[in-house]
Student: 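I'd like to ask you about the structure that follows.
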Amino acid sequence: MNASKLVFSNGDRFKVISVDNRQDELRIYVQSGTGSVSCPNCCIPSKRIHSYYTRKIADLPVFGKTSVIFLRSRKFYCRHQECPFKVFTERFEHYFKPYRRKTDRLENKIRQLGLLAGGRPAERICDLVSMPSSDTTILRLIENEAFSPSEGVTAVGVDDWAYKKRNSYGSILVNLHTGKAIDLLPDREEETLRKWLEMRPEIKVMSRDRYSNYQKAIIAGAPQAIQVTDRWHLLKNLSEAVQKVLVRQYSKINAMLSPKQPLNEAEKAVCGQNISGGDKRSEENPQGGIRLQRFKQLKELQGKGHSIRAMARHLNMSRRTIKRYLDMKTLPRRSQSRNNPIEKFFPYIRKLMEEESDILLTTIWQELKSQGYKGAYSTLSEALKYYEVQVGKKAGRTKKLPTQAGASFKPASTAIWFVSDQAKLKEGQQKLISELCTSSEDLQEIFTLAQSFRKMMSERSGNTDLKEWIDKSNKSGVKEMASFAKGLLADCKAVENALSLPWSNGPVEGNVNRLKTIKRQMYGRAGFDLLRKRVVYSPS
């Protein structure tokens, strides 16, 4: 086969003169077969050759070797006497662009590798596949690529992403039909999204979360579009409302549930005895772990009438945590299980402390491991601090071991179980939900409302049942549920669409997670424009 047909298309006027096969490089010597060339300024064709020169252009690899084209180019005299270009060079716009050292097809492959892997990883890949290129060259090829967002998209989802968490945020827009990101915006302000939407009147559906700026921007920039709220965020907000009720009634409910799970009689008899070796400090309140210390300090400041902001600043805690603890009288433990595994070892711990008053926690941990305890050293330490049990030199400060389990549930996890499909919960989780509903009329009412909301979502009956559900929530007497219902009423049409239409913001959330991975490839530090092209143009 003719070598010219292997390197170029049939219609190309190039002729391969010779091929030099070296050890690590394939050299292809090429010349143009065009008789006359037009001047780039006056466009008058000329055949008068001034001189020759050679261009060295890298091409796609062949048989694992780098491929280099040596192009014999020509310079021509311009025939038009008034043209300022007396001598001009031969142009190959569709094949070899001026000043380029790589062919277009080679640059496209390198650019795709850069979009997939990033600068330095793509550089290493290029070396492996015989397309040597530096990381700066790869990023420059991506940066110089013209950006043209997709047109003709009718269903779009929008969500925010953190360029720098808690500091600066942007917006990502996704085609809901294909699940592909179509553009990135540098912020999440109303004006930016509004301008983007005004240029695309073909959009018919907009899916979003409950962020007010997005809602206002869609109303102003795309009034023809149907707004759909994200269903996951609706369930999340509902579980947050349930959690507030569980936090508010935590002490009361915990007191009712704790007697239902005491230790057995033998453990009560042993654990109820005072530990020997105590001193005068045994009557003092033990300090406990760090979480318990800060909780006690918070309650002291709350009793003195300090504001939430002042308590957060004094204790170096977030205001969200302060608000969650304000209505609590007992600190919830970190464990999500009904019974802490350490509780059944209380009698053995007491025995070890009686036999050796200065026993170290490390020794106790080793002894418990021989008895079947599987927790880590730090887990044991935190558990004993929670129950205000201290060993070693501070053992005298512990008056006695507890006679029953501590906190019986964790509000954050339990709130999620309230809004979950009950058939998918474990037996212990179902039992806890049943006990909570039995212990409080408010929780029974909340559970009924939460499950009816979930049913309405799964059956897509929001267009008929949503307003009735909002009325029931307002009349329930639970302020947290009434507040949640009030928020739904403010965005009623979008929520109704979410509970009745098939559109979902799930593809957008998936692209946000993908964007986080891309940022970890150092694209987050390369600038917004480069990140934008990386996200939108990345090959599948």
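One-based numbering along the sequence shown.
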Student: Any salt bridge between Glu25 and Arg22, counting N to O under 4.0 Å?
Tutor: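 Between Arg22 and Glu25 there is no salt bridge, as every charged N stays at least 4.0 Å from the carboxylate O atoms.
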
Student: Under 3.5 Å, is there a donor-acceptor pair linking the side chains of Asn108 and Arg111?
Tutor: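 Yes.
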
Student: Please confirm whether Lys369 makes a cation-pi placement over Trp365, using NZ or CZ under 6.0 Å from the six-membered ring centre and within 45° of the ring normal.
Tutor: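 Lys369 over Trp365 ring: yes.
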
Student: Should the heavy atoms of other residues, nucleotides or ligands under 6.0 Å from CD of Glu143 be counted, would the total exceed 12?
Tutor: no

Student: Start with the C-alpha distance between Ser133 and Lys102, add both sets of side-chain angles, then the distance that settles side chain to side chain contact (heavy atoms under 4.5 Å, CB included), and finish with yes or no.
Tutor: CA-CA 10 Å; Ser133 184; Lys102 293 181 176 65; 4.3 Å; yes

Student: What is the minimum heavy-atom distance between Gly462 and Ser500, and which atoms define it?
Tutor: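 For Gly462 versus Ser500, the nearest heavy atoms are N-CB, 4.3 Å.
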
Student: Taking atom CZ of Arg319 and atom CZ of Arg313, what is their separation to the nearest 0.5 Å?
Tutor: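 Going from the CZ atom of Arg319 to the CZ atom of Arg313 covers 10.0 Å.
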
Student: Taking the six-membered ring of Tyr211, is the NZ or CZ of Arg188 close enough (under 6.0 Å from the centre) and on axis enough (within 45°)?
Tutor: yes

Student: Would you call Lys65-Asp24 a salt bridge at under 4.0 Å N-O?
Tutor: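 The answer is no: the pair does not qualify as a salt bridge.
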
Student: What distance do Gln451 atom CD and Ser420 atom OG have between them, rounded to the nearest 0.5 Å?
Tutor: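 Spacing of CD (Gln451) from OG (Ser420) equals 8.0 Å.
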
Student: Is a donor on one side and an acceptor on the other found under 3.5 Å between the side chain of Arg534 and the backbone of Asp529?
Tutor: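 No, the answer is negative, given that no donor and acceptor are paired below the 3.5 Å cut-off.
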
Student: Return each pair, listed once, that meets side-chain hydrogen bond (donor to acceptor under 3.5 Å, both in side chains) where at least one residue sits in residues 197-207; pairs must be two or more places apart or across chains.
Tutor: Arg194-Glu198, Ser207-Asn505

Student: Return yes if a side-chain donor-acceptor contact under 3.5 Å exists between Arg91 and Thr89, otherwise no.
Tutor: yes

Student: Supply the atom-to-atom distance Cys126 SG to Leu113 CG, rounded to the nearest 0.5 angstrom.
Tutor: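 Interatomic distance, Cys126 SG to Leu113 CG, rounded to 0.5 Å: 5.0 Å.
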
Student: With a 3.5 Å distance limit and no angle check, can you tell me whether Lys519 reaches the backbone of Ala162 through a side-chain donor-acceptor pair?
Tutor: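 Checking the backbone N and O of Ala162 against the side chain of Lys519, a donor-acceptor pair under 3.5 Å is found.
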
Student: Would Trp161 and Ser171 count as having a side-chain donor-acceptor pair, cut-off 3.5 Å?
Tutor: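 The criterion, which ignores hydrogens and geometry beyond distance, is not satisfied for Ser171 and Trp161.
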
Student: Using a 6.0 Å cut-off, check whether atom NZ of Lys86 has over 12 heavy atoms from anything other than its own residue.
Tutor: yes

Student: Are any of the side-chain heavy atoms of Met481 and Ile446 separated by less than 4.5 Å?
Tutor: yes

Student: Report, as yes or no, whether the 6.0 Å neighbourhood of atom CG on Asn316 holds more than 12 heavy atoms from other residues, nucleotides or ligands.
Tutor: no

Student: Report the C-alpha separation of Phe88 and Tyr77 in whole Å, then their side-chain angles, then the decisive distance to 0.1 Å, and conclude whether the side chain to side chain contact (heavy atoms under 4.5 Å, CB included) test is met.
Tutor: CA-CA 7 Å; Phe88 63 88; Tyr77 288 105; over 6 Å; no

Student: Would you say Ser378 and Ser381 are linked by a side-chain donor-acceptor pair, where the criterion is simply a distance under 3.5 Å?
Tutor: no

Student: Rounded to the nearest 0.5 Å, how far does CZ of Arg460 lie from CG of Asp465?
Tutor: 13.5 Å

Student: Quick check: closest heavy atoms across Ile203 and Gln224, and the distance to 0.1 Å?
Tutor: O-NE2, 3.1 Å

Student: I'd like to know if the side chain of Ser473 reaches the main chain of Trp469, judged simply by a donor and an acceptor atom lying under 3.5 Å from each other, with no hydrogens or angles considered.
Tutor: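 The answer is yes, because a donor-acceptor pair under 3.5 Å joins these two groups.
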
Student: Could you go step by step and tell me if Cys39 and His80 meet the side chain to side chain contact (heavy atoms under 4.5 Å, CB included) rule?
Tutor: CA-CA 9 Å; Cys39 174; His80 188 43; over 6 Å; no

Student: Mind checking whether Val68 and Ile28 have side chains closer than 4.5 Å, heavy atoms only?
Tutor: no

Student: If you take all heavy atoms of Ala181 and Ile172, which pair is closest and at what distance?
Tutor: CB-CD1, 4.2 Å

Student: Could you walk me through whether Leu238 and Leu449 pass side chain to side chain contact (heavy atoms under 4.5 Å, CB included), step by step?
Tutor: CA-CA 10 Å; Leu238 178 59; Leu449 289 172; over 6 Å; no

Student: Should Lys236 and Glu240 count as an ion pair when the cut-off is N to O under 4.0 Å?
Tutor: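 Result for this pair is yes, salt bridge flagged.
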
Student: Does His233 reach the side chain of Glu509, with side-chain heavy atoms less than 4.5 Å apart?
Tutor: yes

Student: Just one of Leu173, Val156, Val174, Val158 clears the side chain to side chain contact (heavy atoms under 4.5 Å, CB included) bar with Val508, so which one?
Tutor: Val174

Student: Side chains of Thr464 and Ser461 only: does a donor on one sit below 3.5 Å from an acceptor on the other?
Tutor: no

Student: Tell me, do Gln422 and Ile433 make a side-chain contact under 4.5 Å, heavy atoms counted?
Tutor: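 Side chain of Gln422 against side chain of Ile433, heavy atoms only: contact under 4.5 Å found.
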
Student: Answer whether the closest heavy-atom distance between the side chains of Val16 and Gln31 falls below 4.5 Å.
Tutor: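 Val16 vs Gln31: side chains apart.
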
Student: Write down the atom of Met206, the atom of Ala225, and the distance for their closest heavy-atom approach.
Tutor: CG-CB, 4.0 Å

Student: So, does Arg294 use its side chain to make a donor-acceptor pair with the main chain of Leu315 at under 3.5 Å?
Tutor: yes

Student: Nearest 0.5 Å, what's the OG-CZ distance between Ser38 and Phe76?
Tutor: 10.0 Å

Student: Kindly indicate, with the supporting measurements, whether the criterion salt bridge (Lys or Arg N to Asp or Glu O under 4.0 Å) is fulfilled by Glu190 and Lys216.
Tutor: CA-CA 7 Å; Glu190 174 187 346; Lys216 296 174 184 177; 5.1 Å; no

Student: What is the distance from atom NZ of Lys533 to atom CG of Leu184, rounded to the nearest 0.5 Å?
Tutor: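 It comes to 12.5 Å.
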
Student: Side-chain donor-acceptor contacts of residues 48-57 below 3.5 Å, not counting sequence neighbours, with atom names and distances?
Tutor:
{"unit_1": "Arg55", "atom_1": "NH2", "unit_2": "Lys97", "atom_2": "O", "d": "2.8"}
{"unit_1": "Arg55", "atom_1": "NH2", "unit_2": "Arg100", "atom_2": "O", "d": "3.4"}

Student: Compare all side-chain heavy atoms of Phe418 with those of Ser239 and state whether any distance is below 4.5 angstrom.
Tutor: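 Contact flag for Phe418/Ser239 side chains = no.
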
Student: Could you walk me through whether Phe295 and Tyr325 pass the ring-ring contact (aromatic ring centres under 6.0 Å, His included) test, one step at a time?
Tutor: CA-CA 8 Å; Phe295 181 77; Tyr325 285 167; 5.5 Å; yes

Student: Using modelled atom types and a 3.5 Å cut-off, is there a donor and acceptor pairing between side-chain atoms of Ser130 and backbone atoms of Gly64?
Tutor: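 Checking the backbone N and O of Gly64 against the side chain of Ser130, a donor-acceptor pair under 3.5 Å is found.
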
Student: May I have all residue pairs that pass ring-ring contact (aromatic ring centres under 6.0 Å, His included) and include part of residues 167-186, sequence neighbours excluded?
Tutor: His177-Trp503

Student: For Arg208, run the salt bridge (Lys or Arg N to Asp or Glu O under 4.0 Å) check against Asp160, Asp491, Asp159, Asp230 and tell me which one passes.
Tutor: Asp491

Student: Kindly indicate whether the side chain of Phe14, heavy atoms from C-beta on, has any atom under 4.5 Å from the side chain of Thr34.
Tutor: no

Student: For Gln227 versus Ile219, what's the shortest heavy-atom pair and its separation?
Tutor: NE2-CG1, 3.2 Å

Student: With a 4.0 Å cut-off, would you call Arg532 and Asp183 a salt bridge?
Tutor: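 Looking at Arg532 and Asp183, the cut-off is met.
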
Student: If every non-hydrogen atom of Pro132 is compared with every non-hydrogen atom of Asp127, which pair is closest and at what distance?
Tutor: CA-OD1, 3.6 Å

Student: So does Glu90 pair up with Arg74, basic N to acidic O under 4.0 Å?
Tutor: yes

Student: Would you say that Tyr29 contacts Asp20 through its side chain, given a criterion of any heavy-atom pair below 4.5 Å between the two side chains?
Tutor: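 Yes, close enough: below the 4.5 Å cut-off.
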
